[in-house]
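Sequential numbering from 1 along the given sequence is applied to the chain's residues.
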Amino acid sequence: MKNKLLQKIKWAKSNFKLILILLFTFCLLLVSCAMSNGETTLAMALVAGVAGGKHVVDGPLSTDVAREASPELLLNEIDSQIVKIRPMATPVDQLSRCAGAKRAGSMTVDYYNVDTKPTTAQVQDDTPTPTASGDISRFTKVKLMTTNNEIFDVSDTILVQGVSGYAPDGTTVTNNDLVLYVVKKEDNDGGIWVMAANGMKVGDTENCVPKISKSTILIRMGRAASELDVMSPQFEALPQKARNFCQIFKCQIEQSTLMKMSNKEVPWDMSDQEEAAIYDMRLGMEKSFLFGVKKKLWDPAKKENILLTGGIWYQAGKAFNYDGEKFTQNEVVDLMRDAFTGNAGSKRKILIGGSGLIGRLNKLEYSKVVTAGENVVKWGIDFSELRSKFGTLYVLLSEVFDEVGMADNGMVIDPEYLQKYCHIPFTTEALNLKASGVRNVDALVLTEASCLVLRYPKAHMRIVMQ
């Protein structure tokens with residue numbers, strides 16, 4: 001046993017340098033793994049160049065090296081090719097691709113929308129005019145029936161639009177609107193009992209509710225609780241289920257063997273045909289994504305169901321109608337007001353429209369109220385910018401509206417709430433028709449099964465000329 005130990009010590013002394021090299025290499029590996037957070041690192045070294053570039057040392061230039069040295073150098077061929085092919089002609093399809101798509105495990109996509117609680121209602125009947133005769137206390141609490149009693153609850157405050165409130169003395173009319181406080185809600189008819197915060201004085205009785213005429217607009221404001229209140233009327237919001245179908249979009253490209261072998265005056269091969277086919281396919285998809293009708297059709301010839309996707313034109317939750325003969329800057333201000341208010345959407349949205357609508361926008365002389373800014377490039381598209389106090393619109397001509405006979409119409413889209421679902425991502429597949437004995441050609445099939453949905457319909461708006 002002692003002899004074996006002496007032999008091992010003797011071997012270690014004679015190979016001391018080798019042991020040090022091995023230990024040093026092992027330490028380098030540990031440090032490398034720690035710096036890479038557990039990710040695999042390449043064996044060859046990358047040396048920084050004098051101008052910021054990187055050079056490979058002791059190894060070939062492979063795709064793995066290229067992805068580490070310059071991550072944005074190598075692109076996915078199909079996706080990058082699709083995004084670069086005439087993006088201005090298909091803005092909706094382009095936007096959905098740049099924003100990213102969710103993987104759908106089925107051709108039928110179910111999704112949920114959450115809307116906002118309404119904030120306004122109208123008075124259904126006139127309230128009595130306070131008088132000094134009789135029981136004046138009946139004017140300190142008044143029952144209101146509105147067109148939407150459900151949006152009001154106990155402790156809500158209400159702004160009465162167009163009805164003036166009073167100063168603290170109760171006799172001087174002010175420029176402030178009347179503010180009411182809900183003290184009770186009827187269980188049988190849903191009517192609300194209200195008190196005035198800045199009401200009028202009748203005789204010796206203060207804060208009487210002045211007359212509120214029929215159709216007066218009531219605006220729901222914040223709730224007001226007392227010091228000892230622990231609880232408040234409940235607020236519940238339930239999402240609403242919606243559904244769309246993924247449509248299978250296909251395009252097939254073929255080139256005969258003789259065509260491939262023939263001399264040509266200009267270069268024209270399968271890649272050129274593929275680019276033209278992708279452009280035509282995207283145009284068709286753009287029309288389906290905008291104006292398609294959700295439907296499941298039975299094809300008696302194929303004896304199969306065909307799924308058609310529903311367009312986002314019909315999913316939009318708002319519509320703006322304008323008079324083509326009286327289209328002025330005031331109309332544009334109203335358009336932007338409707339597009340950016342009444343929803344919790346973004347302050348930067350996209351307006352796409354036909355040549356008639358875009359022409360009317362271009363003919364206007366803009367002032368400081370609405371300004372036409374510089375061109376902006378986003379999602380690979382060159383937009384014109386239209387700014388107002390309400391928000392900013394990125395404006396673009398979409399000839400798809402012209403093709404479907406809607407040159408004077410358009411649509412405002414909130415890109416934050418536009419979602420694409422893909423059951424089959426855009427792919428190309430080579431068909432071996434020669435081996436199968438069908439045709440002596442090279443063939444490619446382009447396929448995508450997808451649909452678009454508006455996750456928050458009220459953030460999007462149709463623009464329709466009356």
Arg462 side chain vs Gly410 backbone, donor-acceptor pair below 3.5 Å: no
Lys185 atom NZ, neighbour heavy-atom count above 12 within 6.0 Å: yes
Residue pair Val182 / Ile158: nearest heavy atoms and the distance that separates them: CG2-CD1, 3.7 Å
Test side-chain contact (heavy atoms from CB on, under 4.5 Å) applied to Arg455 and Glu416, step by step: CA-CA 9 Å; Arg455 296 302 302 267; Glu416 294 295 326; over 6 Å; no
Student check: side-chain heavy atoms of Met411 and Leu290 closer than 4.5 Å: yes
Derivation and outcome, side-chain contact (heavy atoms from CB on, under 4.5 Å), residues Ile358 and Val395: CA-CA 8 Å; Ile358 302 300; Val395 183; 3.6 Å; yes
Side chain proximity check, Val160 to Leu180, heavy atoms < 4.5 angstrom: yes
Note: Lys326-Glu331 ion pair, threshold 4.0 Å (strictly below): no
Shortest non-hydrogen separation from Met465 to Arg360 and the atoms involved: SD-NH2, 3.6 Å
Any donor-acceptor pair under 3.5 Å from Lys349 side chain to Ala459 backbone: yes
Between Asp414 and Ser346: side-chain donor-acceptor atoms closer than 3.5 Å: yes
Nearest non-hydrogen partners of Leu446 and Phe426, listed with the distance: CB-CZ, 4.0 Å
Review item, side-chain donor-acceptor pairs of residues 293-308, under 3.5 Å, at least two apart:
unit_1, atom_1, unit_2, atom_2, d
Lys294, NZ, Arg243, O, 3.4
Asp299, OD1, Ala301, N, 2.9
Asp299, OD1, Lys302, N, 3.3

Tyr322: partners by ring-ring contact (aromatic ring centres under 6.0 Å, His included), with sequence neighbours left out: Phe327
Flag if over 12 foreign heavy atoms under 6.0 Å of CE, Met195: no
Derivation and outcome, side chain to side chain donor-acceptor pair (under 3.5 Å), residues Lys250 and Thr447: CA-CA 5 Å; Lys250 277 186 176 288; Thr447 305; 2.9 Å; yes
Reported CD1-to-OG1 distance for the pair Ile151 and Thr146, which is rounded to 0.5 angstrom: 6.5 Å
Full working for side-chain contact (heavy atoms from CB on, under 4.5 Å) between Gln247 and Phe289: CA-CA 10 Å; Gln247 184 170 324; Phe289 287 153; over 6 Å; no
Minimum heavy-atom distance Ala196-Cys208, with the two atoms named: CB-O, 4.2 Å
Whether Asn198 side chain and Val179 backbone form a donor-acceptor pair below 3.5 Å: yes
Between OG on residue Ser384 and CG on residue Leu396, distance to nearest 0.5 Å: 8.0 Å
Crowding at CG, Asn188 (>12 non-hydrogen neighbours, <6.0 Å): yes
Ring centers of Phe291, Phe401 separated by less than 6.0 Å: yes
Flag, side chain of Asn244 to backbone of Gly310, donor-acceptor distance under 3.5 Å: yes
ring-ring contact (aromatic ring centres under 6.0 Å, His included) partners for Phe320, two or more places apart: none
Residues, nucleotides or ligands: over 12 heavy atoms within 6.0 Å of Arg337 CZ: no
Closest non-hydrogen atom pair between Asp408 and Gly356, with its separation: OD1-CA, 3.4 Å
Gln466 atom CD: more than 12 heavy-atom contacts under 6.0 Å: yes
Flag, side chain of Ser450 to backbone of Cys246, donor-acceptor distance under 3.5 Å: no
Side-chain heavy atoms of Leu178 within contact of Pro210, under 4.5 Å: yes
Asp402 side chain vs Ser355 backbone, donor-acceptor pair below 3.5 Å: yes
Considering all heavy atoms, the nearest Gly191-Met145 contact: CA-SD, 3.4 Å
Separation of Thr147 OG1 from Asn149 CG (nearest 0.5 Å): 8.0 Å
Side chains of His460 and Gln315 in contact at under 4.5 Å (non-hydrogen atoms): no
Working for side-chain contact (heavy atoms from CB on, under 4.5 Å), residues Leu218 and Val123: CA-CA 7 Å; Leu218 304 178; Val123 178; 3.8 Å; yes
Between CD on residue Glu403 and CG on residue Leu283, distance to nearest 0.5 Å: 6.5 Å
Heavy-atom side-chain contact between Phe390 and Lys347 under 4.5 Å: no
Ring center gap for Phe383 and Tyr394 short of 6.0 angstrom: yes
Interatomic distance, Ile352 atom CD1 to Ile413 atom CD1 [nearest 0.5 angstrom]: 4.0 Å
Test item: Asn409 and Ile463 side chains (from C-beta on) under 4.5 Å apart, heavy atoms: no
Backbone of Ile212 reached by a side-chain donor or acceptor of Thr216 within 3.5 Å: no
Check ion pair Asp189-Lys143 (N to O, under 4.0 angstrom): yes
Under 3.5 Å: donor-acceptor pair, side chain of His423, backbone of Ala104: yes
Pair Glu385 + Arg348: basic N to acidic O under 4.0 Å: yes
4.5 Å side-chain heavy-atom contact, Lys458 and Lys318: yes
Min side-chain heavy-atom separation Ser288-Glu286 under 4.5 Å: no
Electrostatic pair Arg223:Asp156 at N-O distance under 4.0 angstrom: yes
Distance in Å, Arg387 CZ paired with Leu393 CG, rounded so as to fall on 0.5 Å steps: 11.5 Å
